[in-house]
Each structure stands twice: as C-alpha cells, then as structure tokens.
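Following: one structure in structure tokens, then a few remarks.
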Number of protein chains: 2
Amino acid sequence: MTMQVEHSHTDTNTEEKIIAAARKVFLSKGFSGTRTRDIAEEAGINLALLNYYFRSKQKLFELVMQEKIQKLLGSLLPIFNNNATSLEDKIALIVDNYIEILSESPDLPIFVLNEIRKKNFQIVPKSDLGTVIMQSSFIKQLQERRTDINPVQFLLSILGMIIFPFVAKPLLDYNGLAKEDIFLSLMQERKKLIPVWADAILKSNDVTK
Amino acid sequence: MTMQVEHSHTDTNTEEKIIAAARKVFLSKGFSGTRTRDIAEEAGINLALLNYYFRSKQKLFELVMQEKIQKLLGSLLPIFNNNATSLEDKIALIVDNYIEILSESPDLPIFVLNEIRKKNFQIVPKSDLGTVIMQSSFIKQLQERRTDINPVQFLLSILGMIIFPFVAKPLLDYNGLAKEDIFLSLMQERKKLIPVWADAILKSNDVTK
DNA sequence: AAGTATTTTAATCAAATGATTAAATGGAAG
DNA sequence: CTTCCATTTAATCATTTGATTAAAATACTT
C-alpha cells in the first residue's frame, strides 16, 4: 500500500513527453495495435516510467481518447448554439472549422470512430450531446427553413461531405485517386464547394410531396 | 519439407466454418484486436486446426480483407461503366445498392478503411481502380453536365452522404442521436433523399464564376 | 554536505498469444 | 480386418507484452 504518487514540480516535462508519444502511437496504430514499449520508445524513456506516471496502458489510452473526442466534437456545439448567426453562416463556419482541424489530423475521425466502435475504452459522454444538438439553434433554423427535412438526415449529409474524404483518404491513396500532395488542396477547395452544395440541398425539391 | 497440404473432399465444411468465424471476429475486433483463439472458438474448433488450414493469422486475415474490399468496392464499377444509364440513374443505383449492402454490414466501411490505414495487410489492388473510375461513363457524364465541377469532389460528396452515416454509427449510438432501431429506417429514407440532393448539387451555382 | 524525496532505470515476472508437434481418430479402399 | 490418408486434438514452445520491483541517479531542502 504505497501512498498516492504525486508529481509536483518537474511534472510537465516527462509526463507531457509520454502523453505526446501516446497521442502519436495510439492514433496511428489504435489501442490493440499499440505496445506500451512503442510509446516508451517514442517518448525516449524507459518502459517502467510509463507505468509510473500512468497506472496502465488503458488509463493512458482513455486520456488520449478524451482529448481526441473533444477535438473531434468540441468545436461543433459553440457554432450550433450561436443564436446570432444565420443557418448559412453556421454551415460555412462548420465546414471551415472542420476542414481546418482535419487537415492537420486527417486520421482523427477514423481513429475515434473506430475505437468507439470497438469499445476499447470507457468514457461516459459528459453532456447528452444528442439532445443538446437537437435543441440547438442550428436545428431550429433548419426546421424553420425546411419542415419536411429530418434534421438528422441533413446533418449526416453535411458532416459526411466534410468528414468522409478524410476517412476515405487511406483508400484514395491505396487506389491512386488522390495522391497525398493534392489531397489537401482538394480539401481546401471543398471549403467553398460544400456551403454552395448545402445551399442547393436546402433549396431542393420536397421529397415528401 | 512437407508436401503442400491439400483438402480434397471434406474441404468445404470445416474450412468454411473457420473463414466464417474469421470474417465475424476480424470485422468486429480488427486485426490487432483479434486472437486466433477467438476465431477458433467462434468456429467451434481447435486452435491448431486454424494453423492447419491456413498457415497463419496473417494469411487468414488477408483472405478476409480481400473479400471485404471486394464487397465494398465491387459493385461500384459495373454501375459506373454502364453506358446505357443516365447520370441520374447511376446515382440512384449506387445509392440504392450501397445502402442495401451497408444496412447488412454497417461495420464494413470503417473496418476496411481503418485496416487499410493501419496497413495490416499486403494486398495489391488488382486494377488501378482510380484510373478505371476516372475513365468511367459516370465521370464522363458528370463532366459533360458540369465542366466546372471536379468529379472527385462530387464523388466524395455522394459517397460521403451514403457511407458516412454507417461510419458514424458508433458515435450516433454513443451519443443517443440515433438508436439502433431507427437507424436503419433512416438509411432507407436516405435512398430517396440522396438522389434528390445529388440532383440539387448538379443544379447548384458555379463556384468558379 | 547531508538527508530526503522524486525521477529514472535495468531486470524480471506472469500472462497472453501465434505457432508447432506428435499423436489420436475416423472414414474409405482393398 | 487392415492399411492409408485426411482430419482433429492435446500438449507444448517461444515470443511478445503489460506490469512490477528494487535499486540507482538526480534534484531539492535545510
């Protein structure tokens, strides 16, 4: 029964090195594919240090996941809830914001989505994000504009147009459809395309009629 | 140096049981997350049999991957290359076909895309799918209709609208945005929505002007 | 400088895991 | 029945891997 370990002063340096390494290796190889030794090596430290700072691989992973989920979803709500912006503004902001984030971390979505799928961690969603989104200004504006469109359907399409290319990136590489170098410029181009296309969808025929 | 193992008659039964089990376990847990013992148990056989029929976990995995890539991409080309159908028809066919396939295997896309990303296998793409697609009837029709739209951009949007919901399904569950039961009916609804929305995109403003 | 606490390491453990081996089982052919 | 061969199994190996331990090194306080 040892007393709780505390890292008071020198804290930041090594601990942050480990987390940074964990971010990198976990993101690239996933939970099951990552060996704690990989992380230690990447951090340039001894393996035992990893278990000294964090009690286990699992704990370290959940820390990283927490961050990644936040990074993937965190910017959405503020935009969704802003009553001062129009629907078009919100869409443009989401597109712009997401493509910027994902251009820096193309693997982020597929990593997070796949790890959630495999249930390799146990993090309880803080707020009921679903409910919060469905009550957001974005959804209300959408329902006013098009009472016939299920907001979830519209949202899935917009997010799909934004996020899917990053998820499909490995396949594009694999099949030579978008070599690494032009991929990012394609994504930049999408910043202008998606808002226009979202607008076209908002003006589309009513399917229910 | 033993002679090559051949399974002449009783072949089908056990071997197929193993492959079926491998499909299931690999798809659910990914390559790194899968233990050969899991597969053996799922197949109701002894672990050694697995290495008797297939030389290794790797070999078995690549067999499954081969199938899954085919399942994910195989139906695309025939539709793309059909000169007899209009652009609208092709889109409707792709939407219909994909949503049907994915409704039965919701995990298929994220599994394939993530394993490709992690390079957990070594399968050379048979045809240069990228080139074939870019020379397909679909792309030609698209370019005739809208010279200003980069076909890859359009394709990514359509596929994103179709595939992304399945990729995001774990997150929707996780956040209570689409409970399991209504998810599939949402996807059925999308069969009608996406073609209309694709059409709206085709009629959208020219961004380059 | 001594003493104390913190940080880091080398060595090792125990469990998990992919793979092999040698033996057994069972059916088909003669 | 017995021989033969494909199939199946139990037992075991060797390596990998997450984790621990005890000691050494370093930093901090007085």
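Just the heavy atoms: all of them, side chains too, but no hydrogens, waters or symmetry mates, feed the values below. Naming convention: chains lettered A, B, ... in sequence-line order (proteins, then strands); numbering from 1 in each chain.
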DNA chain D: 5'-proximal contact among A:Phe31 and A:Ala48 (nearest heavy atom): A:Phe31
Could you tell me whether the phosphate oxygens of C:dT8, OP1 or OP2, come under 4.0 Å of any side-chain nitrogen or oxygen in A:Tyr52? no
Whether A:Asn46 contacts C:dT9 is assessed here as follows: a side-chain N or O lying under 4.0 Å from the phosphate OP1 or OP2. Is that the case? no
Do the side-chain N and O atoms of B:Asn97 and B:Ser75 include a donor-acceptor pair separated by under 3.5 angstrom? yes
Strictly below 4.0 Å: does A:Thr36 bring a side-chain N or O up to OP1 or OP2 of D:dG18? yes
Can any side-chain N or O of B:Asn82 pair as donor or acceptor with the backbone N or O of B:Ala84 at less than 3.5 Å? yes
Whole-Å distance separating the CZ atom of B:Phe61 from the P atom of C:dG18: 13 Å
Assess the pair B:Phe26 and B:Phe121: is the distance between their ring centroids shorter than 6.0 Å? no
Separation of C:dT7 P from A:Lys17 NZ (nearest whole Å): 13 Å
To the nearest Å, how far apart are A:Leu49 CG and D:dA24 P? 17 Å
B:Glu42: which of B:Lys17, B:Arg23, B:Lys24, B:Arg37 passes salt bridge (Lys or Arg N to Asp or Glu O under 4.0 Å): B:Lys24
Nucleotide C:dA19, atom P - distance to CZ of B:Arg35 in whole Å: 14 Å
Could you state the CG-P distance from A:Asp38 to D:dT16, rounded to the nearest angstrom? 12 Å
Between A:Arg37 and A:Ile45, who's closer to the 5' end of DNA chain C by nearest nucleotide? A:Ile45
Distance test, side-chain N/O of A:Thr14 to OP1/OP2 of C:dT8, below 4.0 Å: yes
